[in-house]
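A short worksheet on the structure shown next.
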Amino acid sequence: MVVDAGFVLRVPDGIDSAAAAPLLCAGITTYSPLRHWGAGPGKKVAVVGLGGLGHMGVKLAHAMGAEVTVLSQSLKKQEDGLRLGADSYFATSDPDTFTGLAGRFDLIVNTVSAPIDVDAYLSLLAVGGALVNVGAPAEPLSLNVFSLIGDRRSYAGSMIGGIAETQEMLDFCAEHGIGAEVEVIAADQVNEAYERVLASDVRYRFVIDTATLR
């Protein structure tokens with residue numbers, strides 16, 4: 001296969017191919033906003049949702065040196081979240097979560113593709129903090145502008161990243177021993193895997209073994 005070198009990425013030694021494949025989606029999608037908004041030592045970062053995107057957000061923010069909190073609908077995946085690098089884990093279904101964490105975070109990365117109460121999450125930001133959407137809900141989201149202007153908060157969005165930043169992410173992952181949590185499946189298991197995705201029964205990315213396409 002002949003390709004333009006400007007669009008080629010190098011997967012560093014030490015990253016398993018199956019664990020590397022989702023980095024080109026979930027990895028860069030979470031790395032880019034964490035990098036842009038300065039996740040690192042002294043910063044408090046929350047990741048909303050612990051799924052295919054969220055688990056990478058936790059791993060990357062932890063490796064960057066930030067204090068990491070997972071905000072999930074329930075505590076079902078708390079053990080996983082702490083294992084992946086979260087310092088704390090809270091259920092958003094508990095109203096006390098929003099009162100107890102008010103004004104706490106410098107950055108919140110929302111990875112869920114379902115409607116959220118934007119004002120409630122903005123209330124968790126410190127002065128000058130940012131709530132960044134990488135999840136893509138089908139429905140429009142609304143907010144009260146006073147949730148922003150009172151403490152100079154920002155509400156933003158981020159998608160994936162360019163070639164240079166994606167290579168930077170891959171190198172960062174190799175340096176810190178980071179890969180996606182994957183379940184490798186055969187091509188004839190795709191329909192079953194899709195049903196499991198709909199049922200939220202995947203931790204945390206399916207990867208198809210292309211050798212099974214033969």
Side-chain angles (χ1 to χ4, degrees), residues 1-70 72 77-89 107 109 111 132 134-135 158-187 189-190 193 196-197 200-214:
M1 182 182 295
V2 179
V3 296
D4 186 325
F7 296 91
V8 174
L9 293 162
R10 177 183 55 83
V11 178
D13 294 336
I15 303 181
D16 175 73
S17 294
L23 296 181
L24 304 179
C25 176
I28 184 58
T29 297
T30 49
Y31 181 88
S32 188
L34 290 169
R35 179 89 157 74
H36 181 80
W37 275 275
K43 294 296 182 72
K44 295 178 179 178
V45 174
V47 176
V48 183
L50 192 69
L53 289 172
H55 91 284
M56 285 306 310
V58 170
K59 286 189 172 191
L60 291 166
H62 173 74
M64 291 175 179
E67 179 184 315
V68 186
T69 297
V70 174
S72 185
K77 298 179 182 177
Q78 183 175 27
E79 187 177 329
D80 270 7
L82 299 177
R83 174 179 61 83
L84 295 171
D87 298 286
S88 53
Y89 197 111
L107 173 63
V109 179
T111 71
V132 182
V134 295
S158 182
M159 203 168 181
I160 49 172
I163 292 294
E165 189 174 45
T166 303
Q167 186 63 62
E168 179 184 303
M169 177 273 304
L170 287 169
D171 293 339
F172 180 88
C173 287
E175 179 183 350
H176 293 274
I178 295 173
E181 305 282 306
V182 302
E183 181 178 338
V184 179
I185 62 170
Q189 295 175 287
V190 167
R196 287 178 56 193
V197 169
S200 298
D201 179 27
V202 51
R203 296 195 178 178
Y204 284 93
R205 276 288 195 245
F206 286 121
V207 174
I208 300 169
D209 181 356
T210 55
T212 63
L213 291 171
R214 297 170 185 168

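Numbers here are sequence positions counted from 1.
- Counting non-hydrogen atoms of neighbouring residues, nucleotides and ligands closer than 6.0 angstrom, the CG atom of Asp13 reaches no more than 12 such neighbours.
- Of all heavy-atom pairs between Leu23 and Ala180, the closest is CD2-N, 4.0 Å.
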> Leu170 and Leu24: side chain to side chain contact (heavy atoms under 4.5 Å, CB included), yes or no, with the steps?
Replying inline: CA-CA 8 Å; Leu170 287 169; Leu24 304 179; 4.0 Å; yes
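- In terms of modelled atom types and a separation under 3.5 Å, the side chain of Lys59 and the main chain of Gly179 share a donor-acceptor contact.
- Just one residue in the list Lys77, Arg83, Arg203 forms a salt bridge (Lys or Arg N to Asp or Glu O under 4.0 Å) with Glu181, and that residue is Arg83.
- Between Ser72 atom OG and Gln78 atom CD the span is 10.0 Å, to the nearest 0.5 Å.
- Here the closest non-hydrogen pair linking Val207 and Pro22 is CG2-CG, 3.8 Å.
- The shortest heavy-atom contact between Gly57 and Val47 is C-CG2, 4.0 Å.
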> Can Tyr31 and Thr166 be said to form a side chain to side chain contact (heavy atoms under 4.5 Å, CB included), step by step?
Replying inline: CA-CA 9 Å; Tyr31 181 88; Thr166 303; over 6 Å; no
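- No donor-acceptor distance shorter than 3.5 angstrom exists from the side chain of His176 to the backbone of Cys173, with no hydrogens or angles considered.
- Shortest non-hydrogen contact noted between Ala187 and Thr212 is N-OG1, 2.8 Å.
- Between Gly85 and His62, the shortest heavy-atom distance links the atoms O-ND1, 3.2 Å.
- You'll find the side chain of Ile28 stays beyond 4.5 Å of the side chain of Gln167, heavy atoms only.
- For the pair Met56 and Ile178, the minimum side-chain heavy-atom distance is below 4.5 Å.
- The distance from atom CH2 of Trp37 to atom OG of Ser158, rounded to the nearest 0.5 Å, is 5.5 Å.
- Distance check: Lys43 NZ to Leu34 CG gives 11.0 Å after rounding to the nearest 0.5 Å.
- Not one N or O on the side chain of Thr69 forms a donor-acceptor pair closer than 3.5 Å with the backbone of Tyr89.
- Side-chain atoms of Val182 and Asp16, non-hydrogen and from C-beta on, never get closer than 4.5 Å to each other.
- Looking at Arg196, its side chain never comes within 3.5 Å of a backbone N or O of Val202 through a donor-acceptor pair.
- Proximity of Val190 to Phe206: side-chain heavy atoms (C-beta onward) are nowhere separated by under 4.5 Å.
- Here the straight-line distance linking atom CG of Leu84 with atom OH of Tyr204 works out to 6.0 Å at 0.5 Å rounding.
- In this structure the side chain of Val11 never reaches within 4.5 angstrom of the side chain of Ser17, judged on heavy atoms.
- With rounding to the nearest 0.5 angstrom, the CG atom of Asp171 is 5.0 Å from the CZ atom of Arg10.
- The minimum heavy-atom distance between Thr29 and Val134, with the atom names listed, is O-CG1, 3.6 Å.
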